[in-house]
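What follows is a set of notes on a single structure, which appears directly below.
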Amino acid sequence: MPREGRFFDFFNAHAEQVVLAAQQLVALMSASPEDMPGIVSAIDEIETQADKITHDTVALLHTTFITPFDRDAIHALVNDLDDIVDAIQDVAEGISLYNIRRMTPDAVQMAELTLSCCERVRQIIKLIGDMEHASDILRTCREIEQLESDCDRVMRSALGRVFRDERDPLQVIKMKAIYEGLEKITDHCEDVSKVVEGLVLENA
């Protein structure tokens with residue numbers, strides 16, 4: 001595959017930001033209240049770096065004659081990667097805005113699932129430069145889809161629990177937003193896997 005334009009370097013750099021953000025989110029789930037602002041700030045910085053990589057990739061796309069694969073696919077891929085980091089930032093800022101001081105076990109489990117998803121996103125991004133890894137890529141894409149389903153299942157259970165057991169209506173609203181935000185992260189991971197799966201099927 002043609003490699004003009006350093007696209008793969010940008011993809012890998014962005015996928016690294018995805019994992020760093022997810023790691024910080026997991027740390028936020030068990031952080032003490034005094035440590036939370038620093039972690040939220042770290043996620044904001046990661047999101048800023050991810051935005052810069054997205055901007056640089058799109059700018060390069062407009063000035064490169066030969067691209068590794070379809071331009072629309074490149075655009076979709078980098079935007080879907082950016083959506084993951086944005087969704088992580090949304091959850092972190094929600095925790096800060098709602099002044100949530102202690103996470104539920106369900107939220108912790110969902111954050112760990114998002115990290116697993118993000119690590120697999122990094123893995124498939126690392127491999128797409130060489131279609132000899134097609135079978136490994138497709139297998140990992142299926143793992144991402146399974147993790148998304150797992151996270152969705154945990155979210156439904158968590159929502160049922162909070163609606164059933166929580167007596168504070170405000171807390172119900174807060175946790176519903178956090179659970180749905182966490183699940184959205186894995187949705188965006190699945191979006192990336194679908195783009196990559198399409199690239200493999202077209203180019204392998």
Side-chain angles (χ1 to χ4, degrees), residues 14-47 50 80-126 139-194 196-197:
H14 208 313
E16 190 62 35
Q17 300 307 307
V18 165
V19 172
L20 289 174
Q23 289 170 340
Q24 291 292 331
L25 184 62
V26 169
L28 183 63
M29 292 291 155
S30 59
S32 61
E34 57 268 22
D35 290 337
M36 285 183 172
I39 297 174
V40 173
S41 178
I43 291 173
D44 288 342
E45 291 176 9
I46 292 168
E47 192 275 336
D80 288 341
L81 287 167
D82 205 45
D83 285 343
I84 300 173
V85 182
D86 287 344
I88 292 172
Q89 183 188 39
D90 287 345
V91 172
E93 291 187 346
I95 291 170
S96 176
L97 178 66
Y98 301 150
N99 197 30
I100 299 174
R101 297 302 187 181
R102 185 176 59 83
M103 285 294 112
T104 64
D106 290 319
V108 173
Q109 184 181 3
M110 291 180 72
E112 290 170 348
L113 286 168
T114 66
L115 175 57
S116 295
C117 240
C118 290
E119 288 171 340
R120 283 163 175 79
V121 164
R122 179 175 62 181
Q123 185 177 345
I124 60 176
I125 293 299
K126 184 177 180 179
R139 183 181 66 251
T140 307
C141 285
R142 289 191 293 272
E143 291 175 1
I144 291 171
E145 291 166 7
Q146 182 59 55
L147 285 165
E148 190 279 331
S149 295
D150 292 344
C151 193
D152 190 53
R153 187 187 67 252
V154 174
M155 182 192 70
R156 290 195 299 269
S157 176
L159 288 174
R161 202 173 348 267
V162 76
F163 284 133
R164 183 179 63 249
D165 300 338
E166 180 58 58
R167 294 293 176 257
D168 181 356
L170 191 58
Q171 187 69 10
V172 171
I173 294 171
K174 291 177 180 180
M175 292 313 302
K176 180 176 183 292
I178 296 304
Y179 291 147
E180 290 176 345
L182 286 163
E183 201 277 331
K184 188 179 293 184
I185 297 168
T186 60
D187 284 344
H188 291 310
C189 289
E190 187 176 31
D191 291 340
V192 171
S193 77
K194 288 178 179 177
V196 170
E197 192 173 28

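As the structure is a computational prediction, the values presented were derived from the model and not from experiment. The first residue in the sequence is number 1, and the count goes up from there.
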- State the CD1-OH distance between Ile173 and Tyr98, to the nearest 0.5 angstrom. 9.0 Å

- Message: Looking at every heavy atom in both Ile124 and Val192, which two are closest together, and how far apart are they?
- Response: CD1-CG1, 4.4 Å

- Given the options Lys176, Arg153, Arg161, Asp106 meets salt bridge (charged side-chain N to carboxylate O under 4.0 Å, His left out) only with Arg161

- Task: Tell me, please, which residues at least two apart from Glu148 pass salt bridge (Lys or Arg N to Asp or Glu O under 4.0 Å).
- Result: none

- Quick one: CE on Met110 to CG on Asp152, what's the gap to the nearest 0.5 Å? 8.0 Å

- Message: Please check if the number of heavy atoms outside Arg164 that lie under 6.0 Å from its CZ is greater than 12.
- Response: yes

- Query: Looking at SG of Cys189 and CD of Glu145, how far apart are the two atoms once the value is rounded to the nearest 0.5 Å?
  - Reply: 12.0 Å

- Query: Can you list the steps and then say if Glu93 with Asp44 is a side chain to side chain contact (heavy atoms under 4.5 Å, CB included)?
  - Reply: CA-CA 9 Å; Glu93 291 187 346; Asp44 288 342; 3.2 Å; yes

- Task: Compare every heavy atom of Val91 with every heavy atom of Ile178, then report the nearest pair and how far apart it is.
- Result: CD1-O, 4.0 Å

- Is there a donor-acceptor pair closer than 3.5 Å between any side-chain N or O of Ser41 and the backbone N or O of Gly38? no

- Query: In Å, rounded to the nearest 0.5 Å, how long is the span from CG of Leu147 to SG of Cys117?
  - Reply: 4.5 Å

- Beyond-backbone contact of Arg139 with Arg142, side-chain heavy atoms, under 4.5 angstrom: yes

- Do the non-hydrogen side-chain atoms of Ile95 and Met29 ever get within less than 4.5 Å of each other? yes

- Measure the spacing between CG of Asp82 and NE2 of His14 and express it to the nearest 0.5 Å. 4.0 Å

- Query: So does Lys184 have more than 12 non-hydrogen atoms from other groups sitting under 6.0 Å from NZ?
  - Reply: no

- Looking only at non-hydrogen atoms, find the nearest pair between Ala92 and Ile43 and report the distance. CB-CD1, 3.6 Å

- Where do Val40 and Ser96 come nearest, in terms of heavy atoms and distance? CG2-CB, 4.3 Å

- So, do Ile185 and Ile84 sit near enough that their side-chain heavy atoms are less than 4.5 Å apart? yes

- Message: Looking at every heavy atom in both Val19 and Leu115, which two are closest together, and how far apart are they?
- Response: O-CD1, 4.2 Å

- Item | Derivation of the side chain to side chain contact (heavy atoms under 4.5 Å, CB included) call for Glu112 and Val108 | CA-CA 6 Å; Glu112 290 170 348; Val108 173; 3.7 Å; yes

- Message: Is it the case that the side chains of Ser32 and Asp35 hold a donor-acceptor pair, with the cut-off being a distance below 3.5 Å and no angle test?
- Response: yes

- Do side-chain atoms of Arg122 reach the backbone of Cys118 as a donor and acceptor pair under 3.5 angstrom? no

- Query: Between Ile100 and Met175, is any pair of side-chain heavy atoms under 4.5 Å apart?
  - Reply: yes

- Look up atom CE in Met103 and atom CD in Gln109, then write down how far apart they are to the nearest 0.5 Å. 15.0 Å

- Closest contact, heavy atoms only, Met36 versus Ala31: CE-O, 3.7 Å

- Message: With a 4.5 Å cut-off on side-chain heavy atoms, are Glu183 and Thr186 touching?
- Response: yes

- Query: Is the backbone of Ala111 close enough, under 3.5 Å, to the side chain of Thr114 for a donor and an acceptor to pair up by distance?
  - Reply: yes

